[in-house]
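Data block below; observations after.
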Amino acid sequence: MKILAADIGFGYTKATDGKQSQIFKSIVGDANEAQFGDSLLPGQPQFPRHIGLGGQSFFVGELAEQQSRSRGFTLDQNQFLTQYAKTLALAALVPMVDSGDPVRLVTGLPISFFRKYKDALTTLLQNRHSVTLFKPGSLERDEKIIHIERVRVVPQPFGTMFNLLLNEVGKPTSQRFIHEKIGIIDIGFRTADYTVSDKTRYSERGSQSSDNGISTAYAAIAQVLQEKSGVNVELYRLYDGVSKGTIKIKGKRYDLTGIVQSAFQQLASRIAQEVNRLWADDWDIDAIIISGGGGALLEPYLSPLIEGEVLPQPADQDARLNNVHGYWKYGQHLWGA
Ligand SMILES: Nc1ncnc2c1ncn2[C@@H]1O[C@H](COP(=O)(O)OP(=O)(O)OP(=O)(O)O)[C@@H](O)[C@H]1O
Ligand SMILES: [Mg+2]
């Protein structure tokens with residue numbers, strides 16, 4: 001029995017089976033069948049991005065972003081769940097299952113939706129799903145049954161905590177997370193989620209979601225770029241420029257370092273204010289973790305503003321995968337041999 005994990009974020013969908021992991025943008029679009037899919041570059045996508053489900057066929061991720069005429073992307077949680085979550089999750093998991101073999105899945109929900117939607121998400125995924133896989137650049141297709149026999153849903157930031165607490169066989173390795181009170185700040189594309197793990201128990205009081213994802217800083221950067229260049233750069237296309245500190249628009253290069261610094265500084269101070277207020281009564285928190293892809297970018301700005309000891313995250317890992325790796329380890333803990 002295989003254990004799988006999926007973290008369906010507003011920005012990226014992440015999945016792992018403990019050996020391999022994958023990540024793609026959380027975008028679902030209609031599939032146009034007759035596409036010229038060949039690229040001059042070697043290395044076809046390693047995982048399928050064109051799938052069929054319930055009589056419809058979809059592109060997901062970067063393929064949908066580039067090729068679909070109508071693309072679905074929503075920041076509304078209800079709509080996200082009913083329309084996209086299942087498609088994104090199944091597309092992410094399908095390469096990791098053997099057809100028909102039962103698997104167990106750990107996944108998560110943002111803090112603000114955890115209570116309300118955890119049963120709905122379980123019902124949505126705990127099933128036998130028939131998925132069609134379309135091979136790129138050919139008419140060949142495969143049918144696969146994804147048989148998810150059990151689902152466990154956790155508050156998203158707990159993935160980060162499990163990742164630090166548990167080892168590859170799901171056993172606790174770090175005593176401090178078992179005995180201490182840990183605050184977790186998970187900054188994603190759309191949301192920032194705050195939660196407290198008190199001796200590994202979820203604390204409702206210390207938990208909250210806010211709209212202060214990294215996209216609010218991107219929006220400020222895009223605004224400045226629009227004034228300078230006249231071009232409205234889509235937020236999801238800013239990551240490369242932001243990390244390089246420079247972007248080329250219509251042949252002209254713009255220096256971003258100053259804009260990025262001030263946008264990140266402002267976002268960090270809004271988040272710090274929220275966190276310091278939310279955890280005012282939890283002054284006995286032992287340590288704080290900053291996680292998520294947005295957290296990795298914001299950490300240098302945010303750490304000095306947080307009241308408490310901030311634990312460094314491993315710098316050699318993609319912080320977007322922290323939650324999903326933790327979900328998988330938690331699956332090992334629950335169901336592993
Ligand atoms: N290597 C990278 N490639 C792309 N984006 C990255 C990378 N490293 C960090 N990021 C940042 O991570 C962000 C996405 O983080 P993450 O995957 O944690 O968000 P999410 O979970 O999808 O969103 P949410 O938590 O709001 O639902 C991107 O918007 C980008 O700013
Ligand atoms: Mg997230």
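Whatever order the structure lists ligands and atoms in, that order sets their numbers, starting from 1. Remember, predicted model here, so these are calculated numbers, not experimental data.
- Within the structure, ring pair (Phe, Tyr, Trp, His ring centres under 6.0 Å) contacts touching residues 318-337 (residues at least two apart or in different chains) are F162-Y330.
- No donor-acceptor contact under 3.5 angstrom links the side chains of N323 and N163, judged on distance only.
- Taking CD of E140 as the start and CG of L133 as the end, the distance is 11.5 Å to the nearest 0.5 Å.
- Legend: salt bridge (Lys or Arg N to Asp or Glu O under 4.0 Å) pairs involving residues 86-110, not counting sequence neighbours, sorted by first then second residue: R104-E149.
- Pocket lining of ligand 1, defined as residues with a non-hydrogen atom under 4.0 Å away: G9, F10, G11, Y12, K14, G188, F189, R190, T191, I214, Y218, Y239, G292, G293, G294, L297, R320.
- For F264, the ring pair (Phe, Tyr, Trp, His ring centres under 6.0 Å) test picks out Y301, with sequence neighbours left out.
- The residues K25 and E65 are annotated as salt-bridged, a charged nitrogen and a carboxylate oxygen being separated by less than 4.0 angstrom.
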